[in-house]
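To start, the structure itself, in structure tokens.
Remember, predicted model here, so these are calculated numbers, not experimental data.
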Amino acid sequence: MHDGPSQTVEVDFIAPRHLAGGGDPAWITVPLHRACGWSHGHDPLMPRVILSSPDQKALLRLEPDPDGQWWTLQHAPTEDGPAWYASFGARTPVEIIAGFTDALTDPTTDRDKLHDPLAPLLGAGWSPSYNLHRFVSPDGTVRVDVHETTGTWWIGAVLDDARPPVWQARFGEHTPKHLIAAFTTALTDPHPVARTGTVLSLPTRNPDLVTHTRQEVPAQQVASALEDRVRQLAARHAAPAAPTAIPRRPSAGPGRTR
């Protein structure tokens with residue numbers, strides 16, 4: 001941070017976002033709790049976060065797991081469909097996961113509308129690889145596999161086939177398509193994402209794959225970004241203002257003409 005008339009912070013803007021690293025989990029957990037009414041258990045002796053939706057149908061667990069997914073979301077069956085799940089690896093950028101959770105908690109989402117999760121990929125220039133059920137990003141670092149028989153989805157960032165994926169996301173056969181479409185929309189968003197700290201934590205610094213632009217940003221702007229996001233998401237749940245009553249025209253009476 002640099003002192004001066006207005007303090008500034010060095011911020012790295014990373015593109016493509018799928019290689020920007022995980023980011024701050026609070027970008028997801030804080031709005032779910034404060035803007036969307038999800039409740040959380042508190043166990044200071046356990047390095048995990050558990051959030052439950054207001055209707056107790058969805059459970060989001062953030063738990064460090066060196067051998068598995070750090071983020072897991074399980075949803076109980078409802079009248080409209082069976083149980084489903086989604087999971088995300090530790091280095092899945094929170095901005096991409098947020099596309100999924102924001103759609104899940106959006107009260108205005110039209111769930112009856114047909115959603116094609118592949119449409120954002122095709123619109124961003126992704127192409128089929130090997131078969132119509134696998135797609136690859138233009139830079140070759142993200143793969144999307146849709147299991148032809150089960151309907152499950154696997155999305156992963158891969159830098160080298162000889163090494164494990166940088167991150168991976170998994171969706172069950174019954175995960176709502178509009179939520180997967182929200183994830184692929186966020187995945188293909190060309191805008192860079194902001195990271196503070198050191199670029200040494202990036203999955204790769206290969207200039208042929210990732211670019212980062214460092215800028216001095218007002219500290220207040222950095223500090224208020226999460227609060228602004230909370231307010232924006234909370235506004236979706238705000239009750240609409242009651243329509244202004246139209247004054248009734250007084251009825252004609254003695255001494256009045258129409």
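- In this structure the side chain of R205 reaches within 4.5 angstrom of the side chain of V199, judged on heavy atoms.
- For the residue pair H178/T109, the side-chain donor-acceptor check at 3.5 Å is not satisfied.
- Residue L59 belongs to a hydrophobic cluster whose other members are I50, with links defined by side-chain heavy atoms closer than 4.5 Å.
- Taken from CG in L60 to NE2 in H33, the straight-line distance is 13.5 Å, to the nearest 0.5 Å.
- Using a 4.5 Å cut-off on side-chain heavy atoms (C-beta onward), R236 and P107 make contact.
- Minimum heavy-atom separation, P16 to V210: CD-CA, 4.1 Å.
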- Query: Going through the distances and angles, do H147 and T152 end up as a side-chain contact (heavy atoms from CB on, under 4.5 Å)?
  - Reply: CA-CA 5 Å; H147 197 283; T152 57; 3.4 Å; yes

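- In this structure, CG on L233 lies 8.0 Å from OG1 on T101, to the nearest 0.5 angstrom.
- H191 and D189 get closest at one heavy-atom pair: ND1-OD1, 2.7 Å.
- Applying the side-chain hydrogen bond (donor to acceptor under 3.5 Å, both in side chains) criterion to R17, with sequence neighbours excluded, gives no partner residue.
- Cluster membership check: F135 shares its hydrophobic cluster with L159, using side-chain heavy-atom separations under 4.5 Å among Ile, Leu, Val, Met, Phe, Trp and Tyr.
- Within the structure, salt bridge (Lys or Arg N to Asp or Glu O under 4.0 Å) contacts touching residues 114-123 (residues at least two apart or in different chains) do not occur.
- Under the side chain to side chain contact (heavy atoms under 4.5 Å, CB included) criterion, A182 pairs with A103, sequence neighbours left out.
- Scanning both residues, A181 and P120, for their nearest heavy atoms gives O-CG, 4.1 Å.
- For the side chain to side chain contact (heavy atoms under 4.5 Å, CB included) test, no residue two or more places apart in sequence or in another chain qualifies with S201.
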- Message: For a side chain to side chain donor-acceptor pair (under 3.5 Å) check, start with the C-alpha distance between E95 and W27, then their side-chain angles and the critical distance, and finish with the verdict.
- Response: CA-CA 8 Å; E95 294 83 0; W27 194 251; 5.2 Å; no

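- A salt bridge links D102 with R229: at least one charged nitrogen is closer than 4.0 Å to a carboxylate oxygen.
- Of all heavy-atom pairs between A15 and P192, the closest is CB-CB, 4.0 Å.
- Both V144 and L209 belong to a single network of hydrophobic side chains, linked directly or stepwise wherever heavy atoms of I, L, V, M, F, W or Y lie under 4.5 Å apart.
- Note on L122 and V136: separate hydrophobic clusters, where clusters join Ile, Leu, Val, Met, Phe, Trp and Tyr whose side-chain heavy atoms are under 4.5 Å apart, directly or indirectly.
- What you find for A26 and P31 is that their closest heavy atoms are O-CD, 3.2 Å.
- Within the 4.5 Å cutoff, side-chain heavy atoms of Q168 are placed close to those of Q69.
- Of the residues listed (W84, F100, W153), the one engaging F171 in a ring pair (Phe, Tyr, Trp, His ring centres under 6.0 Å) is F100, and it is the only one.
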- Hey, mind stepping through V142 and W126 against side-chain contact (heavy atoms from CB on, under 4.5 Å) and telling me if it holds? CA-CA 10 Å; V142 185; W126 292 44; 3.5 Å; yes

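- At a threshold of 4.0 Å, the pair R195-D12 does not count as salt-bridged, since none of the basic side-chain nitrogens sits closer than that to a carboxylate oxygen.
- Within the 4.5 Å cutoff, the side chain of F183 has no heavy atoms near those of the P117 side chain.
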- Message: With side chain to side chain donor-acceptor pair (under 3.5 Å) as the criterion, how do S137 and R143 come out once you've worked through the C-alpha distance, each side chain's angles and the decisive distance to 0.1 Å?
- Response: CA-CA 7 Å; S137 61; R143 301 171 185 173; over 6 Å; no

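- For the atom pair OG of S52 and CZ of R61, the computed distance is 9.5 Å after rounding to the nearest 0.5 Å.
- For the 3.5 Å distance criterion, the side chains of E63 and W70 fail to qualify, holding no donor opposite an acceptor.
- Of the possible polar contacts, none joining the T8 side chain to the P218 backbone as a donor-acceptor pair under 3.5 Å is found.
- For the pair P93 and W167, the minimum side-chain heavy-atom distance is below 4.5 Å.
- Summarising the geometry, atom CD1 belonging to I96 is positioned 10.5 Å from atom OG1 belonging to T184; distances are rounded to the nearest 0.5 Å.
- Summarising the geometry, atom CG belonging to N206 is positioned 10.5 Å from atom OG1 belonging to T141; distances are rounded to the nearest 0.5 Å.
- Cluster membership for V158 and L187, using ILVMFWY side-chain heavy atoms within less than 4.5 angstrom, is not shared.
- Linking Ile, Leu, Val, Met, Phe, Trp and Tyr residues whenever their side-chain heavy atoms come within less than 4.5 Å places L226 and L62 in a single cluster.
- Side chain of T92 to backbone of F88: no donor-acceptor contact under 3.5 angstrom is found.
- Residues T204 and L19 form a side-chain contact, since some pair of their non-hydrogen atoms from C-beta on lies under 4.5 Å apart.
- Looking at T175, its side chain never comes within 3.5 Å of a backbone N or O of A86 through a donor-acceptor pair.
- E148 has its side chain out of reach of V146: every pair of non-hydrogen atoms, C-beta onward, lies at least 4.5 Å apart.
- The shortest side-chain heavy-atom distance between D24 and V94 does not fall under the 4.5 Å cut-off.
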Pairs under 3.5 angstrom only: tabulate donor-acceptor contacts from the side chains of residues 71-83 to other protein residues two or more places apart or in another chain.
residue: T78; atom: OG1; partner: D80; partner atom: N; Å: 3.2
residue: T78; atom: OG1; partner: G81; partner atom: N; Å: 3.4

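- Annotation for Q56: atom CD counts as buried by contact number, over 12 foreign heavy atoms lying within 6.0 Å.
- Expressed to the nearest 0.5 Å, how far NE2 of H18 lies from OG1 of T188 amounts to 11.0 Å.
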